[in-house]
**Q** 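Here's a structure for you.
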There are 2 protein chains.
Amino acid sequence: MALPAESLQSLQQIDLLQGLRAAEQEVVAQAARRCRVEQEASFFQQGDPAVFLYVLLKGRVKLTQLTPEGQEVILRFIAPGEMFGGIAALGDASYPTTAEASKDCLALAWDGQTMTHLMERYPRIALNALKRLAARLQEVQDRYRELATERVERRVARTFLRLIRQAGVKQEGGVLIDLTLSRQDLAEMSGTTLFTVSRLLSRWEREGLIESKRKRVLVCRPHALVAIAEDLPANSPPKEPSEP
Amino acid sequence: MALPAESLQSLQQIDLLQGLRAAEQEVVAQAARRCRVEQEASFFQQGDPAVFLYVLLKGRVKLTQLTPEGQEVILRFIAPGEMFGGIAALGDASYPTTAEASKDCLALAWDGQTMTHLMERYPRIALNALKRLAARLQEVQDRYRELATERVERRVARTFLRLIRQAGVKQEGGVLIDLTLSRQDLAEMSGTTLFTVSRLLSRWEREGLIESKRKRVLVCRPHALVAIAEDLPANSPPKEPSEP
DNA sequence: GAATGTCTTTGCGCTGGCGCAAACAGTCGG
DNA sequence: CCGACTGTTTGCGCCAGCGCAAAGACATTC
């Protein structure tokens with residue numbers, strides 16, 4: 001699904017431009033401005049009037065939402081080739097999220113008008129956008145359901161599995177999640193607190209499931225996490241049945 | 001936003017067909033098959049291969065998700081004029097949700113192929129779909145954030161406010177939510193349990209905020225709910241500050 | 001109108017997870 | 001090498017909300 005590579009070589013790999021001829025892709029790309037944003041800086045803030053639709057070429061973007069009280073929630077990460085911030089720009093709305101560069105980024109940006117015209121001219125673009133958006137909607141819905149029905153341990157396990165898919169790098173000893181994520185970040189991705197995450201990771205480490213360093217986690221036994229996420233009978237049975 | 005009326009008079013009111021000429025709307029509508037589904041029955045079940053994109057003409061549809069353990073979560077209701085079930089049909093995916101008629105329904109249905117062609121022919125349709133989908137994504141994200149950060153009381157208050165917007169009918173004495181919703185339903189819409197909802201409603205009734213009958217709620221003081229949802233200092237101060 | 005089923009309320013006990021506070025690493029700059 | 005940060009761990013107390021069980025209210029059927 002997502003690109004394993006961190007940077008993007010060609011227009012071929014842009015979701016939005018799939019199925020267009022190379023020449024057409026060129027035309028569309030020409031209509032965009034390039035846009036660099038360095039680590040920690042942001043493309044846009046939640047509430048800003050939505051002007052641009054972006055496609056990330058290089059780097060990684062963190063999409064977050066802020067509660068009125070200032071608490072943060074991480075919605076997702078964007079990998080090279082994906083669009084973001086986008087569809088709000090087609091209407092006259094404001095951005096519903098904040099997009100922060102979690103490493104130095106390079107992106108293409110079209111303003112709403114331009115992109116609307118391009119989509120009318122090349123409906124494939126709109127169709128591609130629709131598909132991506134639908135996939136994203138589905139993902140958020142799934143996570144909404146998880147949050148509504150599942151306990152913390154499972155949700156955190158799921159978060160790790162997702163991270164492995166997005167940024168997992170095989171190593172001897174397990175799969176490294178190749179991102180710098182604090183306990184706080186993990187908590188914001190799982191709908192819990194940094195304390196609970198910390199306690200959970202400590203336990204998992206004691207049980208040999210993972211090895212965690214500061215801001216970095218190595219998953220030693222990924223399918224043990226799957227067992228937790230799916231509530232399969234784990235290898236180390238957590239509890240005896242009550243006496244008969 | 002949503003249509004107040006329960007049934008739809010003309011093609012003019014279909015989100016997907018906004019901005020097309022009447023003749024074009026006709027063509028598009030002709031390509032659809034009509035589809036009746038009676039109360040309690042379902043358009044499709046979560047996991048079914050996604051074939052059709054629907055637009056609701058009449059009735060009301062409940063979109064839900066089921067956990068592997070069989071617990072249900074209500075994602076949203078669809079009012080006449082809105083599309084649903086849809087975008088999965090453009091790819092070759094399965095439906096990520098279940099769509100159940102919560103009253104007798106009439107809908108238009110296009111299969112994925114047909115709709116893809118229509119969108120290529122009339123890009124406006126794709127653009128309209130994009131906007132709707134974007135709005136829906138944003139809504140789910142907001143609710144995700146609420147679920148992750150806010151306590152039950154607020155979430156239930158928000159659920160009511162949303163319901164008022166979607167199906168509120170003014171009456172003497174307040175606003176009636178003109179839907180039959182059990183405590184269980186309200187719980188599934190708020191991410192909690194029917195017990196908690198019941199207790200909360202009892203309290204609100206004691207405080208004169210609402211009047212609740214079986215499967216029906218009359219909101220007497222809507223802006224008191226807003227106060228709860230936004231954590232404003234309520235009119236009846238819940239607590240005294242601790243002594244100095 | 002008695003009987004049956006569905007929905008709702010409420011008491012009760014329990015616990016998962018929150019959140020403070022304080023100690024404990026690593027990391028960075030000079 | 002030292003201090004100052006920033007991130008992490010852990011103990012501790014607490015309570016919001018869960019979930020059972022049992023009773024009560026309302027509907028529906030024959």
Side-chain angles (χ1 to χ4, degrees), chain A residues 39-40 67 69-74 102 146-160 177 179-207 209-218 228 231 238-239 242, chain B residues 39-40 67 69-74 102 146-160 177 179-207 209-218 228 231 238-239 242:
Chain A
Q39 191 166 356
E40 309 278 90
T67 68
E69 284 81 20
Q71 203 175 147
E72 198 182 87
V73 172
I74 299 179
S102 63
E146 284 173 23
L147 200 50
T149 62
E150 270 152 29
R151 1 210 73 168
V152 168
E153 183 175 19
R154 274 206 202 182
R155 302 204 306 264
V156 176
R158 288 236 161 87
T159 298
F160 274 113
I177 292 171
L179 291 171
T180 56
L181 291 169
S182 67
R183 302 291 178 266
Q184 176 69 36
D185 290 330
L186 292 170
E188 286 176 12
M189 299 176 70
S190 313
T192 180
T193 63
L194 88 169
F195 305 106
T196 300
V197 169
S198 176
R199 278 184 258 265
L200 212 41
L201 294 209
S202 297
R203 206 182 78 215
W204 286 349
E205 183 145 32
R206 245 176 282 131
E207 294 171 358
L209 282 183
I210 63 169
E211 279 170 35
S212 75
K213 329 206 181 275
R214 152 184 270 235
K215 289 202 164 194
R216 223 148 247 291
V217 178
L218 176 74
I228 293 172
D231 197 25
K239 228 183 237 183
S242 53
Chain B
Q39 193 166 354
E40 309 277 270
T67 67
E69 283 82 19
Q71 203 175 145
E72 198 182 87
V73 171
I74 298 180
S102 63
E146 284 173 22
L147 200 49
T149 61
E150 271 151 29
R151 1 209 73 171
V152 169
E153 184 175 19
R154 275 208 203 180
R155 301 204 306 263
V156 176
R158 287 237 161 89
T159 297
F160 275 111
I177 292 171
L179 291 171
T180 57
L181 290 169
S182 66
R183 301 290 178 265
Q184 176 69 36
D185 291 329
L186 291 170
E188 286 175 11
M189 299 176 70
S190 313
T192 179
T193 64
L194 87 169
F195 305 106
T196 301
V197 169
S198 176
R199 280 183 258 266
L200 212 41
L201 294 209
S202 297
R203 206 182 78 213
W204 286 350
E205 183 145 32
R206 247 176 278 130
E207 294 171 357
L209 281 183
I210 63 171
E211 278 170 36
S212 75
K213 328 203 183 280
R214 156 184 267 237
K215 288 203 166 194
R216 226 149 244 293
V217 178
L218 176 74
I228 293 172
D231 198 26
K239 229 182 235 183
S242 54

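Just the heavy atoms: all of them, side chains too, but no hydrogens, waters or symmetry mates, feed the values below. By convention in this document, chain letters (A, B, ...) are assigned in the order of the sequence lines, proteins followed by strands, and residues within each chain are numbered from 1.
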**Q** Roughly how many Å is it from CZ in Arg203(A) to P in dG16(C), rounded to a whole number?
**A** 11 Å

**Q** Nearest to the side chain of Thr196(A), which nucleotide is it out of dC18(C), dG17(D), dC7(C)?
**A**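 Of dC18(C), dG17(D), dC7(C), dC18(C) is nearest to the side chain of Thr196(A).
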
**Q** Write down the distance between CD (Glu188(A)) and P (dG7(D)), rounded to a whole number of angstrom.
**A**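 The distance from CD of Glu188(A) to P of dG7(D) comes to 12 Å, rounded to the nearest Å.
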
**Q** Can you measure from CD1 (Ile210(B)) to CZ (Arg203(B)) and round to the nearest 0.5 angstrom?
**A**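 Answer for the CD1-CZ pair, Ile210(B) versus Arg203(B), is 10.5 Å.
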
**Q** Tell me: CZ of Arg154(B) to C1' of dA16(D), nearest whole Å?
**A** 15 Å

**Q** Without decimals, in angstroms, what is the distance between Glu69(A) CD and dG19(C) P?
**A**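 Atom-to-atom, Glu69(A) to dG19(C), this comes out as 12 Å.
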
**Q** Find the distance between OG1 (Thr180(A)) and CZ (Arg214(A)) and round it off to the nearest 0.5 Å.
**A**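 Thr180(A) atom OG1 to Arg214(A) atom CZ measures 11.5 Å (nearest 0.5 Å).
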
**Q** Among the candidates dA27(D), dG7(D), dT9(D), find the nucleotide nearest to the side-chain atoms of Phe195(A).
**A**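 Closest nucleotide to the Phe195(A) side chain: dT9(D).
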
**Q** Give the rounded distance in Å between these two atoms: CD of Glu205(A) and C1' of dA25(C).
**A** 13 Å

**Q** Find the distance Glu40(A):CD to dT6(D):C1' and express it as a whole number of Å.
**A** 13 Å

**Q** Do you know the tightest heavy-atom contact between Ile177(A) and Arg216(A)?
**A**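 Closest approach of Ile177(A) to Arg216(A), heavy atoms only: O-NH1, 3.9 Å.
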
**Q** Considering just the side-chain nitrogens and oxygens of Arg183(B), establish if one lies under 4.0 Å of OP1 or OP2 belonging to dT8(C).
**A** yes

**Q** Using a heavy-atom cut-off of 4.0 Å across all strands, would you classify Thr193(B) as base, sugar-phosphate, or nothing?
**A** sugar-phosphate

**Q** Take the protein atom CD of Gln71(B) and the nucleotide atom P of dC18(D), then report the distance between them rounded to whole Å.
**A**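 Rounding to the nearest Å, CD of Gln71(B) and P of dC18(D) are 10 Å apart.
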
**Q** For a quick check of understanding: with a heavy-atom distance under 4.0 Å over all strands, which category does Lys215(A) fall into, base, sugar-phosphate or nothing?
**A**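 It contacts sugar-phosphate atoms only.
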
**Q** Whole-Å distance between dT10(C) P and Trp204(B) CH2?
**A** 15 Å

**Q** Touch check for Arg214(B), heavy atoms < 4.0 angstrom, all strands: base, sugar-phosphate only, or nothing?
**A**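 Base, at least one base atom sits under 4.0 Å.
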
**Q** For Ser198(A), answer base if it contacts any base atom (sugar-phosphate contacts may also be present), sugar-phosphate if it contacts only those atoms, and nothing otherwise; contact means non-hydrogen atoms under 4.0 Å.
**A** base

**Q** Would you say the base of dG16(C) and the side-chain of Arg199(A) have a donor-acceptor pair closer than 3.5 Å?
**A**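 Under the 3.5 Å cut-off, the side chain and the base do not form any donor-acceptor pair.
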
**Q** Counting side-chain heavy atoms from C-beta on, which of dG17(D), dT8(D), dT8(C) comes nearest to Thr192(B)?
**A**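 Of dG17(D), dT8(D), dT8(C), dG17(D) is nearest to the side chain of Thr192(B).
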
**Q** Supply the atom-to-atom distance Leu181(B) CG to Ser212(B) OG, rounded to the nearest 0.5 angstrom.
**A**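 Here the interatomic distance stands at 12.5 Å.
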
**Q** Measure the CZ-CH2 distance between Arg199(A) and Trp204(A) for me, rounded to the nearest 0.5 Å.
**A** 14.5 Å

